[in-house]
Amino acid sequence: MKGDWLGLELELEKGIGDAISRTRFAPHSNNLLISSWDSSLRLYDVDASLLRLQAPSQAPLLDCCFQNDVVAFTAASDGLIRRYDLHSGLVDTVGSHDDIATCIGYSNETSQLITSGFDKKLLMWDLHMENASSCLRSLDAEVDSMSVSGFNLTVAIGTSVHVYDLRCFDKPVQSKEAFNGAYIRCVSSIPDAEGLAVGSIDGRVSLQISYPSNSNDIRYIFRCHPKSKDGRHYLVSVNDIAFSPLVSGAFVTGDNEGYVTIWDAGSRRRLVELPRYPNSVASLSYNHVGQLLAVASSYTYQEANEIEKPPRIFIHKVDSIDIGSISASRKS
C-alpha cells in the first residue's frame with residue numbers, strides 16, 4: 001500500500017472498474033471484502049498488501065457481507081444471492097429475489113442470512129439447511145438500507161425506520177419517522193448497545209442509543225455540516241455510518257462530498273474530520289478491533305453531475321490522536 005494525507009491506499013494492479021458498492025472487514029482478520037458495480041467481488045489482505053481473491057460474476061454486485069473469515073455473500077442486480085468460499089474461490093447460489101437484490105446481512109446469533117430487493121421483500125435464509133430455505137416478509141416499498149446486529153434487523157424504507165427481532169419476525173418491534181419527512185440514505189446498528197444511527201439525504205444524522213450498563217440514553221438529531229459559507233444548511237447525503245469497536249460511542253460518517261468525520265455520541269462533538277477524499281464516500285468499515293478504518297472513495301450514481309474519478313480505497317489508522325480526542329471531550 002502507498003500512503004499520503006488521505007491514508008494508505010490499497011494498490012490493485014488492475015483497479016476497480018466501476019463504482020464500489022460496499023467494503024467490509026472480516027470478523028477476525030484484516031481481510032477486506034469489496035463489492036463493486038464491475039461485477040467482481042475482491043478480498044484484499046490489508047496486512048500483506050495483497051489481493052487474495054477476485055471473483056467475477058454476471059451482474060453488478062450491490063452489497064456484500066461475511067458469514068465468517070472463510071465464507072462471504074453478495075447481492076446482485078440479477079437478483080441472485082451468491083455464496084463464496086474465500087479459500088477455494090468456489091461460488092454457488094443461495095437463492096434469488098424476483099427483482100434486483102440490493103441489501104444483505106448475516107446474523108451470527110441466528111445463523112441466518114437476510115436479504116432485500118426491488119421485489120419489496122425481506123428474505124431470511126436458513127443456512128443450516130443444505131438447500132437454504134427462506135421465509136419472507138412482503139413490504140410496501142423497496143428497502144433503501146439495512147443493518148444486522150445480534151438479533152436485531154434494522155431497515156430503512158423511504159422516510160421510516162423499522163426494527164425487527166429476528167426471533168419473532170411477524171412485525172417490527174419499533175417503527176418511526178427518523179427526520180419528519182426527509183428520505184433516509186443509510187442505517188447502522190450499534191454493536192455494543194441497543195440502538196441505531198440513521199443518515200439522511202439532506203446531511204442529518206439521527207442517534208438512538210441505550211446502553212445496558214448506563215441509564216443515560218442518547219437520542220438526538222444533528223447536521224453533519226451545520227451551516228455552509230453563505231449561511232444556508234449544507235444538504236449533502238450521508239452515505240454511510242460505522243461505529244467503532246474500540247471506543248464505545250465513537251462513530252464515523254461519510255458523505256457524498258467526500259468528507260469523513262469521526263464523532264463522539266456522548267459529548268455530541270465532532271472529533272476529527274479527515275482531508276476531503278477525491279470522490280464521494282461510498283462505504284466505511286472498521287476492522288474487528290477498531291484500529292483500522294476503510295474508506296471507499298467512489299462515485300455512487302446518486303447525482304447526474306457526480307464526479308466519476310476512478311474508485312479508490314484508503315485505510316486510515318485510528319491513532320492515538322483520534323482516541324485522545326474522544327477521551328478529552330468526555331472529561332471536559
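Fair warning: this is a prediction, and the values are worked out from it, not measured in the lab.
Side chains of Phe251 and Ile241 form a contact here, defined as non-hydrogen atoms less than 4.5 Å apart. With a 4.5 Å cut-off on side-chain heavy atoms, Val187 and Val155 do not count as touching. Within the 4.5 Å cutoff, side-chain heavy atoms of Thr253 are placed close to those of Val205.
Side-chain contact check for Trp37 and Ser21: no donor-acceptor pair (N or O, by modelled atom type) lies under 3.5 Å. Side chains of Tyr183 and Ser200: no donor on one and acceptor on the other come within 3.5 Å. Donor-acceptor pairing under 3.5 Å is lacking for the side chains of Asn152 and Ser149.
The OG atom of Ser96 sits 8.0 Å away from atom CD1 of Ile81, with the distance rounded to the nearest 0.5 Å.
Below 30°, between 30° and 60°, or above 60°: for Tyr299 and Tyr301 the angle between ring planes is above 60°, a perpendicular geometry.
Checking side-chain atoms of Arg22 against main-chain N and O of Ile34 turns up no donor-acceptor pair under 3.5 Å. A donor-acceptor pair under 3.5 Å is absent between the side-chain atoms of Tyr286 and the main chain of Val252, judged by distance alone.
Under 4.0 Å is where a charged nitrogen must lie from a carboxylate oxygen, and between Arg312 and Glu9 at least one such pair does. Salt bridge status for Lys120 with Asp140: absent, with no side-chain N to carboxylate O gap under 4.0 Å. We find that Asp45 and Arg52 are joined by a salt bridge, their nearest charged nitrogen and carboxylate oxygen being less than 4.0 Å apart.
Taking the ring centre of Phe73 as origin, the terminal cationic atom of Arg82 falls outside the region bounded by 6.0 Å and 45° from the ring axis.
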Using the rule given for side chain to side chain contact (heavy atoms under 4.5 Å, CB included), can you reason through Ser189 versus Met146, listing the C-alpha separation, both sets of side-chain angles and the distance that settles it, and then say yes or no? CA-CA 9 Å; Ser189 304; Met146 187 177 82; over 6 Å; no
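Neither Val94 nor Leu61 shares a network with the other; the hydrophobic side chains, linked directly or stepwise wherever heavy atoms of I, L, V, M, F, W or Y lie under 4.5 Å apart, form separate groups for each.
Among all heavy-atom pairs drawn from Tyr106 and Gln112, the shortest one is CD1-O, 3.3 Å.
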